[in-house]
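The residues of the chain are indexed from 1 along the displayed sequence.
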Amino acid sequence: MRAPKLLALLLLIPLAACVPSAERRRVEDEAIERAVRAYLVRMTEAYLAEDAGRLEGVATRREVSGLERRLDELGAEGRRLEPTLDEAVVEEINRYDATNATVRTLERWDLRVVDRGSGITLAESLDQSQRVAYHLVRERGEWLVLFRQLQQTVE
């Protein structure tokens, strides 16, 4: 009677090793959240400096290129975006495997569009709440933002 129970326990040990521990999940979620927060800081800096290169190290080349295009479009119109992040709340983190994750945030921004030459404010949206989705990939052990997608402006 003891042999079948022992055999069953021995068969379960390899399966238990495959299930991520709660501690490991917590550590991974914290790393993913830090990556998103670092991205937010760098994205703000990139808009203020009109330099998409500020995203290097926190975003993939694809995302850096996307921001370069947005900055070029604004520049061609003689405008610059001056964002100020007031708050970012992580609502959900989903890891699909060891290298892919999504994060949903609720962010509160002050957004100003200014004339590039004079610095005069052309438009502003203060205290704007946005629900945003991020897709992250792990490259060389680091979580990087693959893309950021505005899902909803919350009034």
Hphob cluster co-occupancy, [X] + [Y], side-chain heavy atoms under 4.5 angstrom:
X      : Y     : answer
Leu111 : Leu85 : yes
Ile32  : Val90 : yes
Tyr134 : Val89 : no

Any chance the side chains of Thr121 and Glu124 put a donor and an acceptor closer than 3.5 Å? no
Expected output: side-chain [X] to main-chain [Y] donor-acceptor under 3.5 Å:
X      : Y      : value
Arg131 : Gln151 : no
Asp110 : Asp127 : yes
Arg148 : Glu63  : no
Arg62  : Phe147 : no
Ser118 : Ile120 : yes

Salt bridge (Lys or Arg N to Asp or Glu O under 4.0 Å) assessment of Glu87 paired with Arg108: CA-CA 5 Å; Glu87 181 180 35; Arg108 195 165 38 88; 3.5 Å; yes
Could you go step by step and tell me if His135 and Val137 meet the side chain to side chain contact (heavy atoms under 4.5 Å, CB included) rule? CA-CA 7 Å; His135 187 94; Val137 295; 4.1 Å; yes
Do you know which two heavy atoms are closest between Leu67 and Ala46, and how far apart they sit? CD2-CB, 3.5 Å
Using side-chain heavy atoms (C-beta onward) and a distance below 4.5 Å, is [X] in contact with [Y]?
X     : Y      : value
Tyr47 : Leu74  : yes
Val36 : Trp143 : no
Met43 : Val145 : no
Arg95 : Asp29  : yes

I'd like to know if Glu28 pairs up with Arg25 as an ion pair, taking the criterion as any Lys NZ or Arg NE/NH1/NH2 lying under 4.0 Å from an Asp or Glu carboxylate oxygen. no
Does the distance from a Lys or Arg side-chain N to an Asp or Glu carboxylate O, for Arg61 and Glu56, drop under 4.0 Å? yes
Steps toward side chain to side chain contact (heavy atoms under 4.5 Å, CB included) verdict (Arg69, Asp72): CA-CA 5 Å; Arg69 283 189 303 278; Asp72 288 346; 5.6 Å; no
